[in-house]
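Since the structure comes first, as structure tokens, the remarks are kept for the end.
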Amino acid sequence: MKFVSKGLVVAEVHPGSIAEEMEIVPGDRVLAVNEQELNDIIDFQYLTAEDEFTLWVEKSDGEVWEVEIERDLGEDLGLEVKAVSSHGLKFCKNNCLFCFVAQMPKGMRATLYDKDDDYRLSLTQGSFITLSNLSDEEFERIIRLHLTPLYISVHAWNSEARVRLMKNPKAGDIGMQLGRLADAGISIHAQIVLVPGYNDGAILKESVHELAKLYPAVQSIAVVPVGLTKYREGLPDLRSFTPQESRQILSQGERWQAEFFEKTGRRLAYFSDEFYAQAGWDFPDVEIYDDFPQLENGVGMASKFRAEFEAALNNLPQVLPERKVHILTGTSAAPFFQKILQKFEGVKGLNPVLHILVNHFFGSSVTVAGLLTAEDIAEQLPDLQGEIFLIPSVMLKSDEDIFLDDHSVAWLAERIHGVPIIVENHGAAFVEAVCGLDMEGETSE
């Protein structure tokens, strides 16, 4: 059998899996399933959903294997592919006023400049898409294959406001597009990047309420403030929200949440942690976020972390071996971590030191820890003389120990003479790393 498609490259094979048993290895290409060639990850997932199927796999020497797969109900194939498509990503044709990619300096790793707007990434990785770059065929495919859930950047329900924000005349069709998806039973997680003077005020109110009318198809609406770097030469003059404006937005949001909860049993509209930090408000209780539908969008992370942290304190001994540990954070989360670290004050032997880091790389208006670079950390930390420092995993490229400026954790450790520990964004993991304990209260180092 001859194949036209290049197929999909195998990125990972899980130990003990069917794929490993069939001697499939990373670097192999999956060309077809049941004689149907693969063009993208949707084809792969859709065609391998059955319990019996045939893979055509091209090995590194060019030999093509025909692999018969039989598996028990629910048993994982154990194979991950490297890219969403053999033809590459679908890139964004919008020119959004607030696009973060357009605000990045030169010289960073190439993938950071990719402006993707690919519905396949939305389905498989939770990336946000605008729908304005979809062809009719792609839209029909989403409905026909029932590709759900999708994460959609709405920004504004009002057509004129959305076109103005995104500088794409096709952006004005959002209401019709979302209605079609809702009618087809596609679950939607919506995002509104809020820009002062463009889509706040009455436009925001309309957007949130029109989206809420589409419940239960619309499962969540996240409102996040515009992020602005210092690299905006030649770009529109935008500004951040003031603390007073942030408080007004959150106050209005609380009323919407109460209204939606009464009607649906869910708050539906959620506001990013940045808004609470900008307002100078405490982060709300975890109940506000229902099932944390947009945690990866920075919505509810601090509240969840705090609840996990407080639960983990139950296993914390009052005396530990002498231990000094350095904790890194951005300026927006500084008050939060200052309160958190007060909980350790009664633990003898423990000396946690908080370092509040200013983002010189992107500009001081960028305040979140996830956008701090290794160079900024190295410039602002003293010589640690072999002491431990914690690196939040959100600072690093997924699955790699690399910062946004392409420096490695090892590079940073050498520069500041410290011992790094990478910490997942979980309160219990933080307690464990700070104290050098496992979850049972035993020392782990």
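Remember, it's a predicted structure, so these values are computed and weren't measured experimentally.
For the pair Asp76 and Arg71, the salt-bridge criterion is not met [side-chain N within less than 4.0 Å of a carboxylate O]. Ion pairing between a basic and an acidic side chain is recognised when a charged N comes within 4.0 Å of a carboxylate O; Lys263 and Glu259 show such pairing. Under 4.0 Å is where a charged nitrogen must lie from a carboxylate oxygen, and between Arg141 and Asp43 at least one such pair does. One finds no salt bridge joining Asp282 and Arg306 here, because no Lys/Arg side-chain nitrogen approaches an Asp/Glu carboxylate oxygen to under 4.0 Å.
For the atom pair Asp200 CG and Ile192 CD1, the distance stands at 11.0 Å (nearest 0.5 Å). Once rounded to the nearest 0.5 Å, the distance linking NZ of Lys90 with CG of Asn133 reads 6.0 Å. Here the CG atom belonging to Leu357 is positioned 6.0 Å from the CG atom belonging to Leu381, to the nearest 0.5 angstrom. To the nearest 0.5 Å, atoms CG (Asn351) and CZ (Arg323) are separated by 11.0 Å. Within the model, atoms OG of Ser187 and OH of Tyr151 stand 9.5 Å from one another, a figure rounded to the nearest 0.5 Å.
Applying the side chain to side chain contact (heavy atoms under 4.5 Å, CB included) test between Ile327 and each of Ile340, Leu341, Ile388, Ile356 identifies Leu341 as the sole match. With Tyr270 as reference, Asp290 is the one residue of Asn297, Ile221, Asp290 to meet the side chain to side chain contact (heavy atoms under 4.5 Å, CB included) rule. The only option from Trp256, Trp157, Tyr198 that meets the side chain to side chain contact (heavy atoms under 4.5 Å, CB included) definition with Leu204 turns out to be Trp256.
With no hydrogens or angles considered, a side-chain donor-acceptor pair links Asp383 and His417 at under 3.5 Å. For the residue pair Gln294 and His189, no side-chain donor N or O sits within less than 3.5 Å of a side-chain acceptor on the partner. Side chains of Asp116 and Ser127: a donor-acceptor N/O pair is absent below 3.5 angstrom, by distance only. At a cut-off of 3.5 Å, with distance as the only test, a side-chain donor of His326 or Glu387 sits close to an acceptor on the other residue.
Under the salt bridge (charged side-chain N to carboxylate O under 4.0 Å, His left out) criterion, Asp28 pairs with Lys59, sequence neighbours left out.
Aromatic ring centres of Phe337 and Phe430: separated by under 6.0 Å.
Nearest heavy atoms, Leu79 versus Ala19: CB-CB, 4.0 Å.
By the 30° and 60° cut-offs, the orientation of the rings of Tyr231 relative to Phe362 is perpendicular. Below 30°, between 30° and 60°, or above 60°: for Phe271 and Phe275 the angle between ring planes is above 60°, a perpendicular geometry. Ring planes of Phe309 and Phe344: perpendicular class, angle over 60° (limits at 30 and 60°).
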Legend entry - Working for ring pair (Phe, Tyr, Trp, His ring centres under 6.0 Å), residues Phe389 and His355: CA-CA 10 Å; Phe389 69 102; His355 297 270; 9.4 Å; no

